[in-house]
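Inspection log for the structure reproduced underneath, given as structure tokens.
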Amino acid sequence: MPAAPYRGSWRLQGRFWPTVRDDPADAEAISHKLSVRAGLVRQLAAGLYTVTPIGLRVIQRVEAIIREEMNRIGAQELLMPVMHPAEIWEATGRYGLAEQFRLEDRGGRKMVLGMTHEEIVTWHAAREMRSYRDLPQSWYQIQTKLRDEPRPKSGMLRVREFTMKDSYSFDADEAGLERSYEAHSDAYARIFDRSGLVWYRVESDVGMMGGSGAHEYMAPSSAGEDVVARSPGGSYAANVELAVSVAADPEFGEAPDAPGEFATPGIGSIDELAEFTGLAPACLAKSVVLVSDSGPVLAIVRGEHQVHEKKIAHLIGAHRAAHPEEIREWFGADPGSLGPVGIDAGTVRIIADSTLQTGHYVTGANRDGFHLRGVVLGRDFQAETADIRTVLEGEHAVDGSGPIELVPVIEIGNIFKLGTKYSEPLDARYLDENGQEQVIIMGSYGIGPARVAMAAIEQGHDDDGIVWPTGIAPFDVHIVLIGDPDSEQGAFAEALLGELSDLGLEVLLDDRPGLRPGEKFVEADLLGCPLRVTVGKRTLPDGPLEVQVRRTREKSEIALEGAAEQIRSLWLGLAGG
RNA sequence: CGGGGUGUGGCGCAGCUUGGUAGCGCGCUCCGUUCGGGACGGAGAGGUCCCCGGUUCAAAUCCGGGCACCCCGACCA
């Protein structure tokens with residue numbers, strides 16, 4: 001049995017800490033490899049992970065920061081069930097979503113496992129919030145979410161079951177929502193700063209949550225699944241799903257009076273066409289045929305751009321790529337020679353990217369092996385115009401703040417202005433000062449503690465292992481005891497553990513017998529606590545005591561007298577920096 | 001859901017092409033020597049070769065079907 005705990009400090013002897021020497025074979029992301037090797041997590045099945053005792057310490061430190069900051073803005077912690085009656089989800093039209101785990105109880109009653117808790121929290125608010133005097137409220141929980149992800153991946157980064165801090169605000173009006181939103185925004189800034197992350201707050205799509213405005217909190221990492229378009233200094237930052245930019249116009253030259261057809265034998269791609277014509281891709285128009293629920297859609301962007309799925313989906317809803325036979329039928333030509341000229345807008349909905357509003361373009365002629373040059377939007381064809389293209393790196397930010405950089409990021413949190421999306425269907429209303437019934441205005445706000453931890457690993461590691469930020473390291477100080485716990489050194493290490501703990505630090509003492517020093521050092525590096533103290537033969541009787549900063553590898557030798565105080569001020573220097 | 005890959009002691013892998021008594025490294029147990037950056041020697045334990053079916057005298061190996069996991073894409077708060 002482990003010895004009795006000393007506050008938050010641990011003796012390692014007897015603990016469940018399953019480290020491994022090799023990277024797991026199927027791991028790709030650094031955080032995945034290191035979280036397994038450092039014994040923080042173990043996989044049960046795809047997207048299902050057990051967090052080990054030592055991994056849990058990291059998660060709990062993140063959660064502790066979250067609780068402090070949520071409480072600071074007056075949010076109240078509660079706990080809602082993971083399993084819900086399906087009816088409530090039916091009321092908001094979110095029953096049957098692909099990611100939703102559904103089941104039945106023994107009576108055949110339909111249930112769901114919660115992927116989030118808007119429905120449930122709103123259901124409660126609808127029953128308990130009656131008067132404007134009851135508002136505003138902010139409630140939060142740290143609770144399990146279940147999502148039948150189509151593709152769990154990257155260790156703990158994308159899983160099917162995870163804990164989430166989710167909070168919900170209830171306000172009487174838009175101004176109130178604005179205040180709640182800002183309060184959360186402030187809290188989130190403190191939470192992610194204290195967690196030691198590099199992070200961006202970016203404009204985001206409202207997605208399946210619905211609502212009128214949203215931001216995401218993103219931690220830059222090559223393991224990230226999202227991409228942010230960001231100008232220098234970050235004054236412009238948005239998820240590429242909705243990012244806009246200024247695309248420089250090429251030298252178009254004089255537009256001809258009318259489109260002219262020319263032969264382009266064997267030309268099927270923009271690259272080939274650019275090569276063949278000697279024109280920049282920006283002078284060519286790319287035609288993409290999609291099929292929406294209401295029929296065929298021709299989306300046109302400049303040659304250097306791509307049609308962005310999310311952006312076009314905002315206009316035409318769910319859609320798929322057209323089959324070659326369908327394209328043949330509607331355009332009379334194969335992909336590669338398609339264009340908007342001569343297409344009946346009644347049959348095919350034509351949407352051109354806004355960049356097409358200036359210049360003249362080479363487009364397909366809807367005749368295999370032929371293209372048209374000098375095609376002008378508005379003159380030679382009619383189309384709706386909208387921003388439907390991807391943003392390219394190097395294009396300029398719309399606020400004039402400079403060239404845009406595309407950064408892969410991990411989404412670690414988000415904030416949404418829900419408005420009445422849930423309160424309306426679930427009848428969450430109150431009586432205002434005038435006795436008039438009003439719909440409660442809501443916001444919802446999420447953070448994934450495990451993602452915060454994994455992002456910290458992505459951003460803080462070296463060849464030897466994890467380099468935790470001080471705010472969320474599993475321990476503040478890792479004492480490597482070289483020698484027997486019953487020895488003089490053992491007694492010293494034990495005393496040091498006590499003193500450091502009394503000073504408010506959480507300490508891990510590696511008092512495991514029979515391990516070689518090298519093994520202890522290697523595992524200490526892997527685990528990555530901010531400070532490592534070595535207690536061995538060299539330490540006693542007169543010192544010095546060796547302390548190493550994990551991040552910099554900087555070693556200092558300190559006197560035994562007042563060692564604990566010294567270590568504490570070293571730690572404070574790291575934490576404050 | 002499309003494409004690709006992998007399933008063999010706890011972990012990482014070889015063996016499969018060309019069917020014939022299941023191997024290597026690490027880890028684990030015991031003994032000895034070591035002991036401030038994953039030591040060395042010796043002796044051991046540990047495997048339904050993912051599952052089901054087929055072919056064959058004989059299947060980890062060949063054939064068919066299934067399952068699981070990973071990666072790319074689609075999708076995703």
Side-chain angles (χ1 to χ4, degrees), chain A residues 18-29 32-33 36-37 39 42-48 94 97-100 114-119 145-155 157-160 162 164-168 204-211 214-218 223-226 239 241 309-310 313 318-321 410-416 418 421-422 443-448 451 463-465 480-484 487 489 510 513-526 532-540 544-546 548 553 555 557:
Chain A
T19 59
V20 277
R21 197 181 283 239
D22 301 315
D23 283 335
D26 48 19
E28 207 69 20
H32 185 188
K33 293 176 181 171
V36 171
R37 284 185 48 206
R42 280 297 179 266
Q43 183 176 27
L44 172 67
L48 298 174
R94 295 212 295 177
L97 292 180
E99 291 182 347
Q100 190 169 52
M115 43 201 297
T116 177
H117 281 79
E118 278 80 14
E119 275 77 359
K145 305 286 185 256
L146 292 128
R147 297 181 187 178
D148 195 358
E149 286 288 343
R151 190 183 157 201
K153 58 178 285 200
S154 305
L157 279 178
R158 181 160 209 77
V159 290
R160 293 192 292 179
F162 59 100
M164 182 182 198
K165 187 291 298 178
D166 48 321
S167 42
Y168 305 90
S204 79
D205 195 9
V206 293
M208 77 170 180
M209 307 299 301
H215 290 86
E216 286 165 328
Y217 290 80
M218 304 296 213
E225 305 185 86
D226 287 295
N239 193 313
E241 292 172 5
E309 282 294 315
K310 284 277 169 59
H319 60 275
R320 60 169 172 85
I410 297 167
E411 182 186 351
I412 48 177
N414 52 45
I415 55 179
F416 286 90
L418 294 176
K421 176 166 166 107
Y422 298 93
S444 105
Y445 317 87
I447 293 179
R451 280 203 177 171
D463 290 346
D464 298 315
V480 172
L481 168 63
I482 299 170
D484 195 67
S487 67
Q489 291 85 347
D510 189 350
L515 284 185
R516 302 175 60 79
E519 299 175 273
K520 291 194 174 188
F521 287 132
V522 166
E523 293 200 336
D525 288 344
L526 235 195
R532 187 190 78 196
V533 178
T534 308
V535 176
K537 281 206 194 89
R538 295 179 197 166
T539 313
L540 297 175
L545 188 61
E546 183 195 292
Q548 185 180 98
R553 295 281 187 196
K555 285 182 185 170
E557 300 198 326

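Within every chain, numbering begins at 1; the chains are lettered A, B, ... in the order of the sequence lines, protein sequences first and strands thereafter. What's counted below: heavy atoms across the whole structure, side chains too, no hydrogens, waters or symmetry copies. What you are looking at is a predicted structure, and each value in this text was computed from that prediction instead of being measured.
- In this structure B:A68 sits in a base pair with B:U6, meeting the Watson-Crick or G-U test at under 3.5 Å.
- As the counterpart of B:G44, B:C28 is assigned, both hydrogen-bonding distances of the Watson-Crick or G-U wobble pattern falling under 3.5 Å.
- Of the candidate nucleotides B:C69, B:C35, B:C71, B:C69 has the atom lying nearest to any side-chain atom of A:Arg160.
- Closest to the side chain of A:Thr534, out of B:G36, B:U34, B:G37, is B:G36.
- Going from the P atom of B:C50 to that of B:U17 covers 15 Å, rounded to whole Å.
- Within the shown strands, nothing qualifies as a pairing partner of B:G19 under the Watson-Crick or G-U definition with both distances less than 3.5 Å.
- On the P atoms, B:C69 is 24 Å away from B:C62, given to the nearest whole Å.
- Atom C1' of B:G4 sits at a distance of 22 Å from the matching atom of B:U8, rounded to the whole Å.
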From CA spacing to verdict: side-chain contact (heavy atoms from CB on, under 4.5 Å), A:Asp464, A:Phe521: CA-CA 10 Å; A:Asp464 298 315; A:Phe521 287 132; over 6 Å; no

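- Nucleotides B:U29 and B:G46 are separated by 11 Å at their C1' atoms, to the nearest Å.
- Distance CG/A:Leu481 to CD/A:Gln489: 7.5 Å, rounded to 0.5 Å.
- Distances were taken from every side-chain heavy atom of A:Arg21 (C-beta onward) to each of B:C71, B:G37, B:C26; the shortest belongs to B:C26.
- Nucleotides B:C52 and B:G44, compared at atom C1', are 36 Å apart to the nearest Å.
- Taking a pair to require two hydrogen-bonding distances under 3.5 Å in either a Watson-Crick or a G-U wobble arrangement, B:G73 pairs with B:C1.
- The nucleotide whose nearest atom lies closest to any side-chain atom of A:Lys153 is, among B:C71, B:A39, B:C75, B:C71.
- Listed nucleotides B:A74, B:C69, B:G37 differ in distance to A:Gln548; the shortest reach to its side chain belongs to B:G37.
- Nucleotides B:G41 and B:C24 are separated by 15 Å at their P atoms, to the nearest Å.
- The separation of B:G12 from B:C71, taken at their P atoms, amounts to 14 Å, rounded to a whole angstrom.
- Contacts of A:Glu309 with the nucleic acid, taken as non-hydrogen atoms under 4.0 Å apart, involve only primed sugar atoms and P, OP1 or OP2.
- As rounded to whole Å, 7 Å separates atom P of B:C71 from atom CG of A:Asp26.
- Within the 4.0 angstrom heavy-atom criterion, only backbone atoms of the sugar-phosphate kind lie near A:Ala45; the bases stay farther away.
- Side-chain proximity of A:Pro150 to the nucleotides B:C75, B:C71, B:C69 is greatest for B:C75.
- Here A:Ser154 lies in heavy-atom contact (under 4.0 Å) with sugar-phosphate atoms only.
- Taking the side chain as every heavy atom from C-beta outward, A:Lys421 and A:Glu118 never approach each other to under 4.5 Å.
- The phosphate of B:C72 has OP1 or OP2 within less than 4.0 Å of a side-chain N or O from A:Arg151.
- The residue among A:Ala29 and A:Arg538 whose nearest nucleotide of RNA chain B is located toward the 5' end is A:Arg538.
- A sub-4.0 Å separation between OP1 or OP2 of B:A39 and a side-chain N or O of A:Arg516 is present.
- As rounded to the nearest Å, B:G20 and B:A58 have P atoms that lie 14 Å from one another.
- Base-pair partner of B:G36: not found among the strands shown (Watson-Crick or G-U wobble, both distances under 3.5 Å).
- Here A:Phe162 lies in heavy-atom contact (under 4.0 Å) with a base.
- Atom CE of A:Met115 is separated from atom CG of A:Asp148 by 9.5 Å, given to the nearest 0.5 angstrom.
- For the atom pair CD (A:Gln100) and OG1 (A:Thr116), the distance works out to 11.0 Å, reported to the nearest 0.5 Å.
- Partner A:Arg160 forms a side-chain contact (heavy atoms from CB on, under 4.5 Å) with one of A:Lys145, A:Glu149, A:Glu99 and no other, that one being A:Glu149.
- Straight-line distance from the CG atom of A:Leu481 to the P atom of B:G37: 15 Å, rounded to whole Å.
- Which of B:C11, B:C69, B:C35 sits closest to the side chain of A:Asp22 comes down to B:C11.
- Between the side chain of A:Arg532 and the backbone N or O of A:Asp525, no donor-acceptor pair lies under 3.5 Å.
- Not a single donor-acceptor pair, N or O on each side, falls under 3.5 Å between the base of B:G37 and the side chain of A:Glu519.
- Side-chain atoms of A:Tyr217 do not come within 3.5 Å of backbone N or O of A:Ile447 as any donor-acceptor pair.
- Residue A:Gly536 is in base contact, counting any heavy-atom pair closer than 4.0 Å across all strands shown.
- Within the structure, a side-chain polar atom (N or O) of A:Gln43 is placed less than 4.0 Å from OP1 or OP2 of B:C70.
- For the pair A:Asp464 and A:Lys310, nearest-nucleotide mapping onto RNA chain B gives the more 5' position to A:Asp464.
- If you check every strand for non-hydrogen atoms under 4.0 Å, A:Glu523 touches a base.
- Among the nucleotides B:C71, B:G36, B:G37, the one closest to the side chain of A:Val522 is B:G37.
- For A:Arg532 and B:G37, a side-chain-to-base donor-acceptor distance below 3.5 Å is present, hydrogens and geometry of angles not being considered.
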